[in-house]
Amino acid sequence: MIGKLNHVAIVVPDLAAASAIYRDTLGGDVSEPVNLREHGVTTVFVNLPNTKIELLHPFGDDSPIAKFLENNPSGGMHHVCYEVDDILAARDKLKADGARVLGDGDPKIGAHGKPVLFLHPKDFCGTLVELEQV
Ligand SMILES: CC[C@H](C(=O)O)C(=O)SCCNC(=O)CCNC(=O)[C@H](O)C(C)(C)COP(=O)(O)OP(=O)(O)OC[C@H]1O[C@@H](n2cnc3c(N)ncnc32)[C@H](O)[C@@H]1OP(=O)(O)O
Ligand SMILES: [Co+2]
């Protein structure tokens, strides 16, 4: 089911400062910030040869990552995103296996314009998992 690692997401308290670290200190290829209102986040992507780093900051009043940032004021690793060929088939299998699919269970369009779903961290070794259909 899961394929390539699409990205590793890090929640940061200051997106501009984190972008400068990845661009100037680490020499990374860093995108401009994009506000994703429907997801309650602002994203910056660091494009690596084999995957991406997604830098995240809360956007709007009801961000799903606000509590995470409160609990981790310096920031921290938030989720991993795996690629799947068929996100509905993946969802149905995971639900049949008893895994919790977050939200209403229907894929939403993510930062790359592709359908994504999130799986509860308590079902996946304490790690929030995102699936992206590519
Ligand atoms: C889609 C656009 C973009 C993209 O890549 O395309 C993105 O990735 S946007 C990313 C932001 N969106 C989401 O994260 C959506 C899914 N997330 C959620 O629904 C919530 O964040 C949730 C349910 C994972 C956590 O909710 P909340 O922060 O309110 O905390 P809870 O008290 O409900 O947490 C329950 C339990 O889980 C632990 N927890 C919370 N967040 C994480 C995490 N990132 N990794 C691991 N564990 C996490 C939390 O500590 C609680 O554990 P407990 O032992 O009960 O204290
Ligand atoms: Co993500």
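Counting starts at 1 for both ligands and their atoms, in listed order.
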Evaluate the 4.0 Å heavy atom contact test for [atom]: does a protein atom fall under the cut-off?
{"atom": "atom 32 (O) of ligand 1", "result": "yes"}
{"atom": "atom 21 (O) of ligand 1", "result": "yes"}
{"atom": "atom 43 (C) of ligand 1", "result": "yes"}
{"atom": "atom 47 (N) of ligand 1", "result": "yes"}
{"atom": "atom 40 (C) of ligand 1", "result": "no"}
{"atom": "atom 3 (C) of ligand 1", "result": "yes"}

Where ligand 1 meets H7 - atom numbers and elements under 4.0 angstrom, heavy-atom basis: 5 (O)

G110 neighbourhood, listing ligand 1 atoms whose heavy-atom distance to it stays under 4.0 Å: 1 (C), 6 (O)

For [atom], what's the nearest protein heavy-atom neighbour? Residue, atom name and distance, please.
{"atom": "atom 6 (O) of ligand 1", "answer": "A111 N, 2.8 Å"}
{"atom": "atom 29 (O) of ligand 1", "answer": "K67 CD, 3.7 Å"}
{"atom": "atom 16 (C) of ligand 1", "answer": "F118 CG, 3.6 Å"}
{"atom": "atom 10 (C) of ligand 1", "answer": "H79 CE1, 3.7 Å"}
{"atom": "atom 37 (O) of ligand 1", "answer": "P121 CG, 3.8 Å"}
{"atom": "atom 9 (S) of ligand 1", "answer": "V41 CG2, 4.0 Å"}

Under a 4.5 Å side-chain heavy-atom rule over Ile, Leu, Val, Met, Phe, Trp and Tyr, are [X] and [Y] clustered together?
{"X": "V12", "Y": "V8", "result": "yes"}
{"X": "F118", "Y": "M1", "result": "no"}
{"X": "I10", "Y": "Y82", "result": "yes"}
{"X": "L69", "Y": "L56", "result": "yes"}
{"X": "V129", "Y": "L117", "result": "yes"}

Where on [X] is there a heavy atom closer than 4.0 Å to ligand 1, on the side chain, on the backbone, on both, or on neither?
{"X": "H78", "answer": "both"}
{"X": "I65", "answer": "side chain"}
{"X": "K108", "answer": "neither"}
{"X": "K122", "answer": "side chain"}
{"X": "H112", "answer": "neither"}

Are the side chain of [X] and the backbone N or O of [Y] linked by a donor-acceptor pair below 3.5 Å?
{"X": "Q133", "Y": "I87", "result": "yes"}
{"X": "R91", "Y": "V101", "result": "no"}
{"X": "K108", "Y": "D106", "result": "yes"}
{"X": "D97", "Y": "A99", "result": "no"}
{"X": "D86", "Y": "L88", "result": "yes"}

Polar atom proximity, E54 to ligand 1 (N or O, under 3.5 Å): yes

N or O contact, E130 vs ligand 1, cut-off under 3.5 Å: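 So ligand 1 has an N or O lying under 3.5 Å from an N or O of E130.
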
Ring geometry between H7 and F45 (parallel below 30°, tilted from 30 to 60°, perpendicular above 60°):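 Aromatic pair F45/H7 classed perpendicular.
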
Which N, O or S atom of [X] lies nearest to the Co ion (ligand 2), by name:
{"X": "H7", "answer": "NE2"}
{"X": "E54", "answer": "OE1"}
{"X": "E130", "answer": "OE1"}

Option nearest atom 12 (N) of ligand 1 (shortest heavy-atom distance, choices P64, G40, A9): P64

R23 and D29 ion-paired at < 4.0 Å: no

Residue D14 excluded, over 12 heavy atoms near CG under 6.0 Å: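 Yes, the 6.0 Å shell around CG holds more than 12 heavy atoms from other groups.
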
More than 12 heavy atoms of other groups within 6.0 Å of D24 CG: yes

Contact check, L102 vs ligand 1, heavy-atom distance below 4.0 Å: yes

Non-hydrogen atom of C81 closer than 4.0 Å to ligand 1: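 It does not; every heavy atom stays at 4.0 Å or beyond.
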
Rounded distance (nearest 0.5 Å) linking atom CD1 of I2 with atom CD of E132: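 These two atoms lie 14.0 Å from each other.
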
Chi angles and distances behind the side chain to side chain contact (heavy atoms under 4.5 Å, CB included) call for R100, L119: CA-CA 6 Å; R100 285 168 283 183; L119 309 176; over 6 Å; no

The Co ion (ligand 2) to nearest N/O/S of C81 below 2.8 Å: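 Given the 2.8 Å cut-off, C81 does not count as a ligand of the Co ion (ligand 2).
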
